[in-house]
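Structure first, then comments.
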Amino acid sequence: MKALVVFYSMYGHIYRMAQAVAEGVKEVKGSNVELKRVPETLSKEILGKMGALDAQKAISHVPVCTVDELAAYDAIIFGAPTRFGNMCGQMRTFLDATGQLWSQNALVGKVGSVFTSSATQHGGQESTILSFHTTLLHHGMIIVGLPYSFKGQMTSSEITGCSPYGASTIAGGDGSRMPSANELAGASYQGRHVAMIAAKLFG
Ligand SMILES: Cc1cc2nc3c(=O)[nH]c(=O)nc-3n(C[C@H](O)[C@H](O)[C@H](O)COP(=O)(O)O)c2cc1C
């Protein structure tokens with residue numbers, strides 16, 4: 001079973017979550033996982049103005065994904081930060097280049113799953129994941145979320161991301177909050193859950 005974790009991360013929060021998702025996938029026997037990022041659409045100048053250059057440097061070793069590679073995987077787990085309650089433009093641009101895959105039914109029957117990050121607790125994590133699912137459904141993918149068997153999403157003893165739609169983290173208004181242990185556990189649970197389902201279908 002081949003899984004791909006493909007993400008965009010401007011300041012490193014989604015990247016940290018993506019690593020945890022990949023760790024979860026690896027826990028399932030017989031699964032192979034690769035971590036890739038979608039192409040950047042912003043200039044270095046703009047990234048500099050957004051204070052993202054150091055974080056971008058830290059993920060520059062991660063291979064950049066091309067859309068035609070997607071067909072090679074049985075499961076694809078997408079990670080994208082929230083932008084105005086939706087996925088970021090970099091991920092949207094990447095997905096908008098998958099028309100040929102769509103016309104060939106290349107992703108039909110594959111497992112798809114989404115995780116996200118937002119600055120604030122109620123800043124649109126659920127709307128980002130649910131609106132992302134629409135694209136996956138147009139591709140005929142089988143959508144997998146983060147079931148309530150991941151008990152960490154039920155807690156009210158701490159501020160935390162994660163919902164039945166997928167793992168998530170809260171970056172904070174200034175981006176200084178990195179994913180908590182609970183959020184990383186949710187990400188890893190989601191990776192494991194996707195891999196277990198995909199292994200039953202494709203293993
Ligand atoms: C243009 C723009 C729009 C954003 N919109 C939202 C939003 O609607 N809600 C929110 O909570 N955070 C919003 N954010 C904050 C990002 O979601 C946050 O920087 C991101 O989750 C951090 O993840 P990353 O480090 O992986 O990029 C926005 C950031 C930018 C630059």
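Order of listing sets the numbers, starting from 1, for every ligand and every atom in it.
Residue Ala119 has at least one nitrogen or oxygen atom sitting less than 3.5 Å from a nitrogen or oxygen atom of ligand 1, judged on distance alone. Of the polar atoms of Met10, at least one N or O is found under 3.5 Å from an N or O of ligand 1, judged by distance alone. Annotation: Thr120 places an N or O atom under 3.5 Å from an N or O atom of ligand 1; distance criterion only. Polar contact with ligand 1: absent for Ala171 (N/O pair, distance under 3.5 Å). Considering backbone and side-chain N/O of Gly12, one or more are found under 3.5 Å from N/O of ligand 1.
For atom 29 (C) of ligand 1, the closest non-hydrogen atom of the protein is Arg83 NH1, 3.5 Å. Of the protein's heavy atoms, His13 ND1, 2.6 Å lies nearest to atom 25 (O) of ligand 1. Nearest protein heavy-atom contact of atom 13 (C) of ligand 1 is Thr82 O, 3.6 Å. At the top of the distance list for atom 5 (N) of ligand 1, counting protein heavy atoms only, stands Phe84 N, 2.9 Å.
For Ser163 and Gln125, the side-chain atoms include no donor-acceptor pair closer than 3.5 Å. Residues Glu23 and Ser188 have side chains that never bring a donor and an acceptor to within less than 3.5 angstrom of each other. Looking at Thr135 and Arg92, their side chains do bring a donor and an acceptor atom within 3.5 Å of each other.
The aromatic rings of Tyr189 and Phe150 sit tilted relative to each other, their planes meeting at an angle between 30° and 60°.
One finds the CD1 atom of Ile14 at 8.5 Å from the CE atom of Met91 (value rounded to the nearest 0.5 Å).
Among Gly89, Ala55, Ser117, the residue whose heavy atom lies nearest to atom 23 (O) of ligand 1 is Ser117. If you check each of Gly123, Ser9, Gly79 against atom 26 (O) of ligand 1, the one with the closest non-hydrogen atom is Ser9.
In this structure, Met50 is part of the shell of residues with a heavy atom less than 4.0 angstrom from ligand 1. Using a 4.0 Å heavy-atom cutoff, Gly124 is absent from the residues neighbouring ligand 1.
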Quick one, Ser176 with Asp174, criterion side chain to side chain donor-acceptor pair (under 3.5 Å). Give me CA distance, side-chain angles, the key distance, then yes/no. CA-CA 6 Å; Ser176 61; Asp174 61 359; 2.7 Å; yes
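At a threshold of 4.5 Å between non-hydrogen side-chain atoms, the residues Met17 and Leu184 count as touching.
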Report all side-chain donor-acceptor pairs from residues 71-86 shorter than 3.5 Å, counting only partners two or more places apart or in another chain.
| unit_1 | atom_1 | unit_2 | atom_2 | d |
| --- | --- | --- | --- | --- |
| Tyr73 | OH | Glu34 | OE1 | 3.4 |
| Tyr73 | OH | Glu34 | OE2 | 3.1 |
| Asp74 | OD2 | Lys2 | N | 2.8 |
| Thr82 | OG1 | Thr116 | OG1 | 3.4 |
| Thr82 | OG1 | Ser117 | O | 3.4 |
| Thr82 | OG1 | Thr128 | OG1 | 2.8 |
| Asn86 | OD1 | Ser131 | OG | 3.1 |

